[in-house]
Amino acid sequence: MGGGEDCMIIPVIDMQKFPDAEEYKKLREASEIWGCFRLINHKIPLALMKEMKAVVRSLLDLPMEIKQQNKDVIAGSGYMAPSKVNPLYEALGLYDLGSPEAVHTFCSKLDASSHQREIISKYAQAVYDQIVEIGHKLAESLGLENVDFLNGWPCQFRINKYNFKPESVGSSGVQIHTDSGFLTILQDDENVGGLEVMDKAGAFVPVDPCPGTLLVNLGDVAQAWSNGRLCNVRHRVQCREATIRVSIATFLLGPKDQEAVEAPPEFVDSEHPRLYAPFTYEDYRKLRLSSKLQAGEALALLRTTPS
Ligand SMILES: O=C(O)CCC(=O)C(=O)O
Ligand SMILES: [Fe+2]
């Protein structure tokens, strides 16, 4: 199990320590102060993480015409070719990870072998179960008793490749952003760093690789749902060395269809008035895209009270 010194700048949450009250407190504080943490002793088998990494690498190495068959299901969910804004970055994606048919379509479009399909399906199941469990623990850490609110929430899956070249060292791999959904599990590259998260003071803090662990990020939906208690962490990827970097991200987005993102009554009182009018995840995603506000600023457009 990884757990070296360099993992320790950002908070570490140990899945095996639950239901200790101390671990719940750490989880709450990490989520309020940082909006991200390293997860150790999680439930995704290390062998599966490794096999998945190999599968993902080979999918990203496919010819462009095949990768382009990975079409959007919702805006931005399919293949993203290198662009003017992020010329070193490309990604394949899948919506929705919880749907075996969607996983099947994703695999078919990329001509995945039966071995690759098997690994992807197993990983999808394991990462989905893990992200829902973290969501439940997070709600419990905030004192909520009914934690069934995550049922049926869609999950987006994205595999990221950074083609870092000698001349790109020091430049941006992915620009500063927040994740739009509720929670993200990131299997970051086990060797190549570059991910940076912003701390409360506005300084970027490097998140160094820590093999065998996962990184969890909280997104805009978590901020709104918690009535402003939880931090939607701003982060970016910088090119640090001339090599390929690959990461695997799973995003638990928000309530499905027309169900609203809305702070439960437990988070609202006279000292903490409701900050946001209820909204659907779909509308919020569209607002982020149309406003081009990618670092959580779009939430301000939904505020019911001045910030
Ligand atoms: O590649 C990484 O480490 C981060 C990727 C990321 O922030 C994202 O996919 O939203
Ligand atoms: Fe992100």
Side-chain angles (χ1 to χ4, degrees), residues 31 35-36 71-78 80 91 93-103 105-106 124 127-128 131-136 138-139 142 144-158 177-186 216-235 249-269 272-307:
S31 303
C36 78
K71 301 266 188 257
D72 280 1
V73 173
I74 57 171
S77 74
M80 238 178 278
L94 158 58
Y95 178 92
D96 148 28
L97 196 67
S99 151
E101 299 79 49
V103 175
T105 305
F106 173 80
V127 78
Y128 186 81
I131 206 165
V132 167
E133 186 183 3
I134 300 165
H136 288 162
L138 184 59
L142 295 172
L144 286 195
E145 279 169 14
N146 171 17
V147 295
D148 280 345
F149 67 107
L150 298 171
N151 283 345
W153 284 22
C155 228
Q156 187 184 343
F157 180 65
R158 191 156 70 207
H177 67 281
T178 56
D179 295 341
S180 62
F182 183 64
L183 274 182
T184 306
I185 285 187
L186 187 75
V216 178
N217 286 340
L218 277 66
D220 295 348
V221 167
Q223 212 269 0
W225 168 82
S226 65
N227 205 26
R229 281 181 69 171
L230 299 175
C231 174
N232 46 341
V233 62
R234 285 185 274 178
H235 55 286
T250 304
F251 306 93
L252 183 62
L253 297 177
K256 63 176 181 303
D257 306 326
Q258 292 311 302
E259 285 172 29
V261 175
E262 191 172 10
E266 289 90 333
F267 298 154
V268 183
D269 57 37
H272 305 93
R274 191 172 286 284
L275 296 180
Y276 303 101
F279 58 89
T280 65
Y281 175 74
E282 188 185 336
D283 284 346
Y284 182 63
R285 193 173 171 107
K286 285 186 191 148
L287 180 65
R288 262 185 55 132
L289 281 173
S290 62
S291 65
K292 296 201 165 63
L293 297 170
Q294 297 296 323
E297 309 90 336
L299 277 176
L301 306 175
L302 302 171
R303 272 185 92 115
T304 52
T305 50
S307 50

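All of these numbers come straight from a predicted model, not from anything done at the bench.
- Panel note: side chain E297, backbone A295; a donor-acceptor pair is recorded below 3.5 Å.
- The SG atom of C36 sits 10.5 Å away from atom CG of L186, with the distance rounded to the nearest 0.5 Å.
- Residue L253 is tested with Y95, F182, W153 for a side-chain contact (heavy atoms from CB on, under 4.5 Å); the sole match is Y95.
- The line from CD of E266 to NE2 of H272 is 14.0 Å long, rounded to the nearest 0.5 Å.
- Of all the heavy atoms in A277 and T304, the pair that sits closest is N-CG2, 3.3 Å.
- The shortest non-hydrogen separation linking F267 to N227 is O-ND2, 3.0 Å.
- To the nearest 0.5 Å, atom CG of residue D96 and atom NZ of residue K256 are 11.0 Å apart.
- The shortest heavy-atom contact between S291 and A298 is OG-CB, 4.1 Å.
- Note that the NZ atom of K71 and the CZ atom of F106 stand 13.5 Å from one another [nearest 0.5 Å].
- Across every non-hydrogen atom of C155 and I131, the tightest pair is SG-CG2, 4.3 Å.
- Not counting sequence neighbours, the partners of R285 by the side-chain hydrogen bond (donor to acceptor under 3.5 Å, both in side chains) test are Q156, Y281.
- Counting only distance, with no hydrogens or angles, the side chain of D179 and the backbone of G181 share no donor-acceptor pair below 3.5 Å.
- The shortest heavy-atom contact between V233 and G35 is CG1-O, 3.2 Å.
- Of all the heavy atoms in S77 and D72, the pair that sits closest is N-OD1, 3.4 Å.
- Between F279 and L287, every side-chain heavy-atom pair lies at or beyond the 4.5 Å cut-off.
- The neighbour count for R234 CZ, taken as heavy atoms of other residues, nucleotides or ligands under 6.0 Å away, does not exceed 12.
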(message) Show, in sequence, the C-alpha distance, side-chain angles and deciding distance for I134 and L252, and conclude whether the side chain to side chain contact (heavy atoms under 4.5 Å, CB included) test is met.
(response) CA-CA 10 Å; I134 300 165; L252 183 62; over 6 Å; no
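- With values rounded to the nearest 0.5 angstrom, F157 atom CZ is found 6.5 Å from L97 atom CG.
- Listed by chain and number, the residues in a side-chain hydrogen bond (donor to acceptor under 3.5 Å, both in side chains) with D283 are T280 (sequence neighbours excluded).
- Taking CG from L299 and OG from S180, the interatomic distance works out to 10.0 Å, rounded to the nearest 0.5 Å.
- In this structure, the side chain of R274 engages the main chain of A263 through a donor-acceptor pair within 3.5 Å.
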Could you pull out every donor-acceptor pair under 3.5 Å between side chains of residues 216-226 and any protein atom, sequence neighbours left out?
residue	atom	partner	partner atom	Å
D220	OD1	T178	OG1	2.9
D220	OD1	N232	ND2	2.8
D220	OD2	T178	OG1	3.3
D220	OD2	Y284	OH	2.6
D220	OD2	R288	NH1	2.8
Q223	OE1	Y276	OH	2.8
S226	OG	A222	O	2.8
S226	OG	Q223	O	3.1
S226	OG	R229	N	3.2
S226	OG	L230	N	2.9

